[in-house]
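For reference, positions follow the sequence shown, starting with 1. Because the structure is predicted, anything quoted here is derived from the model rather than measured.
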Amino acid sequence: MPETVAPPSPGAVTEAVPLPAGPPAPAYDPRLTNEDLAPLKQQTWGTYNIFAFWMSDVHSVGGYVTAGSLFALGLHSWQVLVALVVGITIVYGLCNLVAKPSQVTGVPYPVMCRSSFGVLGANIPAIIRGLIAVAWYGIQTFLASAALDVVLIKLFPGLAPYAVVGDHGFLGLSALGWASFLLLWVLQACVFWRGMESIRKFIDFCGPAVYVVMFVLCGYLIWKSGWDGIDLSMGQTVTKSGWAAVPVMLGAIALVVSYFSGPMLNFGDFSRYGRSFAAVKKGNLLGLPVNFLVFSLLVVVTASLTIPVYGELITDPVATVARIDNTFAIVLGALTFTIATIGINIVANFISPAFDFSNVNPQKISWRMGGMIAAVGSVAITPWNLYNNPDVIHYTLETLGAFIGPLFGVLIADYYLVRKQKVVVDDLFSMSERGIYWYRKGYNPAAVAATVIGAGAAVFPVLTSGSITGMYTAAQYSWFIGCALGLILYFLFATRGPLRIPASVLENR
């Protein structure tokens, strides 16, 4: 049976137990709540559900393409493997930190942000995260549609001319690409519309399905090349070795963290469903370091085997599948990648903006409407132009990381350092000027200032990487720069100086 406790009494403080409630409590202000944002009545997700969430996230086409793009940095295969594993271990630790506040209170990420930004100021991180999710939603849909293009051309060769952007293209995408993109756009919306329980069942299937295909693909390449074809010390693009490779590997580690920074920031949207924090941590352990080690091995082994089998390094698994001389294998593999990418796209990039945009106006924007706003916006940004080669991939990740980092730092500093893991749940939904999270007219200037300064400092190297010496290297660490500044500045602003939170407020936390 899932853990439940009685709804909190007015002014109750949470610390280490879930505090679910059903529909919005009568005292909750309608400008701050609806059924989707209110604390959960039941928290039913177990370890496997969290594990499956990360499997789907890791095993999307975007995950493989991003991991494969690290080869373009000039690293050996074993160096790419080390960078991937170290990066995901960092993500694991950070996810545990961000998971606890929402699991304990039962509220999603944007509501949890009211503690640090204020009941109205929380719309700032909600909108930023929502817009970033829109970008990722479009990118992942595009990557999944590319896999679908492979299937369609294999089944219907006559469609091949329509896959050429120069002949039949619009806004940088081919006619066939547009058809595949819009088809998947509609299918994802249909799955999302059925609600969280249907989504949970969908992702429980997606992650394992891709594992099966990747193992089969790896086995096929081994069969074609022999075991001698596996060589983790070589690669066609290797240019870095010895100590010269260390800064490049550190940059690769930073890119891994940046790739997962989106779902990591709003992981509270999912940890809130966990039966216990222990179950969430165990799911994170299995889904991140353990699962990602296997994933990383598959990426580097499969990529290295493409050299002896096809005579070139291929880092996109869909492109590798397309080289197989078997129609059934190509269709099955590409469809599996398509389905898996749909799974993580719905989870990481549909659910997040659904909560984020709903938080802006809970009575007019439902969870479903918030998701559809994100879906429409994802077409307008022409995402295929944001993820079409390794250089653009890295620039996109660095830019997004610069804005996500400060939000993460502020959330962690507020919950663990300033408020010592104590949250008054009722006040998260109160517009009363006597509420703990009212601050100054609903905004906490300490959090706003820390976010603006952190994001500005982090994005500066990204924007000037091509014109100022040293900025290219600094840009790789945009998430870390933003996170560190957000955390440090918020702690300083909130505890001293003109923006500090009054001691009387902290005493009543």
Side-chain angles (χ1 to χ4, degrees), residues 58-88 143 146-147 149-151 153-154 157 160 163 209-242 244-245 248-249 252 255-256 291-338 340-341 387-391 393-394:
V58 168
H59 301 165
S60 66
V61 175
Y64 283 99
V65 170
T66 301
S69 74
L70 300 184
F71 285 94
L73 297 174
L75 296 173
H76 291 284
S77 296
W78 70 267
Q79 292 169 329
V80 171
L81 176 61
V82 170
L84 289 170
V85 174
V86 173
I88 206 63
L143 293 173
D149 287 345
V150 172
V151 175
I153 292 174
K154 192 66 179 180
V210 176
Y211 250 147
V212 172
V213 171
M214 281 304 296
F215 273 115
V216 171
L217 177 60
C218 188
Y220 169 78
L221 293 175
I222 292 174
W223 174 70
K224 294 287 287 186
S225 69
W227 289 99
D228 293 339
I230 302 175
D231 186 357
L232 301 187
S233 64
M234 66 169 288
Q236 286 188 329
T237 59
V238 171
T239 59
K240 305 294 182 182
S241 60
V248 182
M249 291 178 67
L255 286 173
V256 173
N291 168 58
F292 203 79
L293 175 60
V294 179
F295 161 81
S296 301
L297 284 170
L298 279 173
V299 169
V300 296
V301 170
T302 302
S304 67
L305 286 169
T306 60
I307 297 174
V309 175
Y310 299 117
E312 61 179 314
L313 179 66
I314 304 175
T315 58
D316 185 342
V318 176
T320 305
V321 168
R323 294 289 192 95
I324 299 175
D325 189 23
N326 184 293
T327 301
F328 175 77
I330 292 176
V331 172
L332 179 62
L335 282 179
T336 304
F337 283 121
T338 301
T341 302
Y387 230 69
N388 54 12
N389 66 63
D391 290 336
I393 290 172
H394 296 171

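Contact detail for V256 and L84: the closest heavy-atom pair is CG2-CD2, 3.9 Å. Taking each heavy atom of I153 and A163 in turn, the nearest pair found is CD1-CB, 3.7 Å.
Applying the ring-ring contact (aromatic ring centres under 6.0 Å, His included) criterion to Y310, with sequence neighbours excluded, gives no partner residue. Qualifying side-chain contact (heavy atoms from CB on, under 4.5 Å) partners for I222, counting only residues two or more places apart in sequence or in other chains: C218, W227, I230, L305. Residues that satisfy the side-chain contact (heavy atoms from CB on, under 4.5 Å) test with V82, not counting sequence neighbours, are W78, V86, M249. For A252, the side-chain contact (heavy atoms from CB on, under 4.5 Å) partners are L70, L73, L75, A83, not counting sequence neighbours.
Atom CG of L81 sits about 7.0 Å away from atom CG of L293, to the nearest 0.5 Å. The CD1 atom of I307 sits 11.5 Å away from atom CG of L221, with the distance rounded to the nearest 0.5 Å.
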